[in-house]
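One-based numbering, in listed order, for ligands and for the atoms of each. Everything numeric here is computed off the predicted structure, so don't read it as measured data.
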Amino acid sequence: MSRSICTKASTTWLLALLFVGAFAAASTSPRLHAQAPAQSSSQSFDIVPVAPGVYAAIGKNGVFGNGAFIVGPDDVIVVDTQYRPSWARDLITEIRKVTDKPVRYVINTHWHGDHTNGNMAYAAAFGPDISFVAQINTREDMIARGVPQLETLRTKTVPDSIATLEKQLIDGKDAKGVALTGATRQQMQTQLAAQRVQLAELMVTTVTPSTLTYDTSMVIHQGDREIHLLHWGNAHTRGDTVVYLPKERVVITGDLLTNGIPNVRSGYPVEWIATLDAIDKLSWDNAIPGHGNVQQGKAQLESLIAYFKDAVAAVKDCVAKGMTLELAEKSIDLSKDKSAFPNFDTGGNTSMIERTWTEITGGAMQ
Ligand SMILES: [Zn+2]
């Protein structure tokens, strides 16, 4: 088994965690807002029923990462568990408002901490009868990459960020040396308080790896409901699972599909297209994405497929012409795809071009 230990955490992903507010704001895009009936709200999640017994938990107020839960005749199946275990506990409270049946399976769509850190909350609440299910590569990456990444977050990334904010507040100047206004000072103090809370929770967070794995597909039979777990190869990570409920016409995609250009930093954009095409071929009405609101119909997915194909074709063309990455970034214009993605200009498109370049030119795909 080949395994690469990644001790260098993905900068973009970590920065995203430090500035979750920006992502929360992006997720409110009215264009994608689900018109679901009977939606209920808690402080951490909007609980959106998408089919009988099937609920999306859409993170809000800075809660980084969606989830879903599926209520059967005897038990509950949860998909993804958020970045902070306290958010997972909030979702358990929401599940308890719907049913008192136990959670028997937790499915992790991929290894990233904002989809797996909350596993420990389910283990604590439901004991040894619960199974944590994932594609086999995800289990390996939770251990080989998730554990060191969590360590980096709590020993370096978040403490460094706290120290920087504290120094800037003492000095009265921001990173560019500009004097703080009352408003920016207040903003930084809010950010500092949030990061201190985050650090305290990271100190008691542990990775809870999968206990049940599969290779390319498996089906969980929950009463007469079929829950298909599907893996089509490298995409957002090398171990993504799409959860597909054929009778209910629902897909739960993890970060293969989000409300913007998904984070591609541990992804494989060229290969990712095959997985997106495979999701497009399934019969469904509602997609629960990894971040952002429930997507009704395939419009956003098909915009993403078109964008991926455009980006890959453009990068291949630049590579064929012998350009440098710097020149390619200046010459590639994908602005016709821009309107579908709130994060196009805030790093989404640049990350996509750079990662695609790495994949096409055979660079290190950490
Ligand atoms: Zn992810």
Looking at H112, the N, O or S atom sitting nearest the Zn ion (ligand 1) is ND1
On a heavy-atom basis, the closest approach of G239 and N137 is CA-CB, 3.9 Å
NE2 (H110) to the Zn ion (ligand 1) to OD2 (D255), nearest 10°, is 100°
Any N/O/S atom, backbone or side chain, of D114 lying under 2.8 Å from the Zn ion (ligand 1)? no
With a 4.0 Å cut-off, would you call R154 and E201 a salt bridge? no
Does one side chain, of Y83 or Q198, offer a donor that lies under 3.5 Å from an acceptor on the other? yes
For the pair H236 and H112, name the ring-plane relationship: parallel under 30°, tilted 30 to 60°, perpendicular over 60°. perpendicular
Would H115 count as a contact for the Zn ion (ligand 1), in the sense that one of its N, O or S atoms lies under 2.8 Å from it? no
